[in-house]
Amino acid sequence: MPDKINGPQSASSTGVPLTSGPPRRERADAVRNRRRILDAAAELFAAHGVEQVSMDAIAAAAGVGKGTLFRRFGDRAGLAAALLHERETELQEGILRGEAPLGPGAGQAAPADRLEAFVRAYLDYAFANLELVRASETASPGARYRIGAYRFWCHHAAVLLTAAGHPAPRVEILAEALLAPLAAEALTAQLDAGRTPADIADTLAWQARQVASGV
């Protein structure tokens with residue numbers, strides 16, 4: 001698992017999605033610029049597709065300088081991650097505080113049940129936002145691993161694998177291996193090969209259960 005989070009990242013998390021201390025207050029003009037940029041990006045992405053929209057076009061539509069756009073979001077991966085923030089946060093809240101088996105709940109679901117539920121919930125999120133997720137992961141080399149939310153997904157999987165009884169040297173490698181087929185590029189390739197989202201979800205959820213159970 002990467003030790004540091006550099007470059008563009010989701011605003012939702014830098015590992016564990018709980019921040020320490022109050023968020024830094026932004027200037028009013030910075031808040032307005034951020035909202036204008038995100039609104040312009042969302043509109044352009046919806047109209048033309050993420051891959052067809054340049055940062056220059058977003059800056060022009062938002063009425064800000066390109067330097068402002070790059071300083072705020074780094075690149076298109078950072079911009080896509082910012083647009084995904086709300087949807088990521090909702091999933092993270094379900095994992096941390098939701099009902100079992102996705103969350104801890106009152107039923108204290110087994111680690112294998114929780115890992116399967118996580119994979120299914122993550123795939124629901126990913127398929128619903130596939131083009132944005134793909135942009136956030138592929139706009140620059142290694143972008144996927146610099147996104148803060150990725151650290152959270154890895155940490156969550158590793159915690160569940162530890163609870164399932166896997167030894168410490170193994171859990172981080174297994175967590176990364178379980179997340180690899182959840183990458184947007186891998187999911188897109190599966191869809192292009194004619195597989196359905198339901199079949200992909202059933203298979204990857206089954207795989208997660210087998211890994212968690214096969215101590």
Side-chain angles (χ1 to χ4, degrees), residues 1-2 9-18 50 80-81 83-138 143-145 147-166 170-215:
M1 235 184 287
Q9 57 184 284
S10 158
S12 64
S13 172
T14 53
V16 177
L18 300 177
V50 176
L83 286 169
L84 289 167
H85 165 54
E86 256 182 50
R87 284 154 267 192
E88 286 174 351
T89 300
E90 184 179 349
L91 176 54
Q92 291 179 354
E93 283 296 309
I95 288 169
L96 287 172
R97 286 177 271 276
E99 294 300 316
L102 178 61
Q108 298 184 338
D113 293 333
R114 292 201 64 194
L115 194 59
E116 178 181 351
F118 160 64
V119 169
R120 289 188 180 278
Y122 180 86
L123 288 172
D124 284 344
Y125 151 80
F127 283 127
N129 304 282
L130 191 55
E131 196 175 5
L132 273 178
V133 176
R134 188 177 182 185
S136 76
E137 293 180 351
T138 62
R144 181 179 193 228
Y145 307 101
I147 296 170
Y150 180 82
R151 287 284 301 276
F152 175 82
W153 313 135
C154 275
H155 176 75
H156 179 59
V159 166
L160 293 178
L161 289 166
T162 299
H166 286 280
R170 185 187 300 166
V171 292
E172 291 190 356
I173 297 170
L174 282 178
E176 297 273 10
L178 284 172
L179 288 177
L182 307 186
E185 285 280 83
L187 296 176
T188 300
Q190 293 276 15
L191 294 174
D192 289 346
R195 287 125 198 179
T196 68
D199 286 342
I200 296 168
D202 285 346
T203 302
L204 295 180
W206 172 85
Q207 179 186 45
R209 174 174 287 279
Q210 296 306 304
V211 170
S213 302
V215 180

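From a predicted model like this one, the values you see are computed outputs, not experimental measurements.
The backbone N or O of Gln92 sits nowhere less than 3.5 Å from a side-chain atom of His156 that would complete a donor-acceptor pair. Without hydrogens or angle criteria, Glu137 side chain to Ala184 main chain gives a donor-acceptor distance under 3.5 Å.
The distance from the CZ atom of Arg97 to the CG atom of Leu102 is 12.5 Å, given to the nearest 0.5 Å. Remark: Glu131 CD to Ser136 OG distance equals 11.5 Å, nearest 0.5 Å. Distance check: Leu160 CG to Glu116 CD gives 12.0 Å after rounding to the nearest 0.5 Å. Phe127 contributes atom CZ, which lies 4.0 Å from atom CD1 of Ile200 (distance to the nearest 0.5 angstrom). In this structure, OH on Tyr125 lies 11.0 Å from CD on Glu90, to the nearest 0.5 angstrom. Distance check: Thr188 OG1 to Asp192 CG gives 6.5 Å after rounding to the nearest 0.5 Å.
Around atom CG of Leu191, more than 12 heavy atoms belonging to other residues, nucleotides or ligands sit under 6.0 Å away.
Closest approach of Arg114 to Pro104, counting heavy atoms only: NH2-N, 3.6 Å. Closest non-hydrogen pair, Val211 versus Leu178, comes out as CG2-CD2, 3.9 Å. The minimum heavy-atom distance between Val50 and Ala135, with the atom names listed, is CG1-CB, 3.2 Å. Annotation for Ala201 and Leu123: closest pair CA-CD1, 3.5 Å, computed over non-hydrogen atoms. Counting all heavy atoms, side chain and backbone alike, Leu132 lies closest to Ala80 at O-CB, 3.5 Å. Summarising the geometry of Leu115 relative to Ala208, their closest heavy-atom pair is CD2-O, 3.6 Å, with the distance given to 0.1 Å.
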Exercise. Are Leu182 and Trp153 close enough, and set up right, to give a side-chain contact (heavy atoms from CB on, under 4.5 Å), and what steps lead you there?
Worked result: CA-CA 11 Å; Leu182 307 186; Trp153 313 135; over 6 Å; no
Exercise. Would Arg87 and Leu91 count as a side-chain contact (heavy atoms from CB on, under 4.5 Å) if you check the C-alpha gap in whole Å, the side-chain angles of each, and the deciding distance to 0.1 Å?
Worked result: CA-CA 7 Å; Arg87 284 154 267 192; Leu91 176 54; over 6 Å; no
For this session: Evaluate the criterion side-chain contact (heavy atoms from CB on, under 4.5 Å) for residue pair Glu172 and Cys154; output intermediate values, then yes/no.
Result: CA-CA 8 Å; Glu172 291 190 356; Cys154 275; over 6 Å; no
Exercise. So Thr203 and Arg195, side-chain contact (heavy atoms from CB on, under 4.5 Å) or not? Walk me through it.
Worked result: CA-CA 11 Å; Thr203 302; Arg195 287 125 198 179; over 6 Å; no
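Taking the six-membered ring for Trp and thresholds of 30 and 60 degrees, Tyr122 and Phe118 have ring planes inclined between 30 and 60 degrees apart.
Using a 4.5 Å cut-off on side-chain heavy atoms (C-beta onward), Phe152 and Leu96 make contact.
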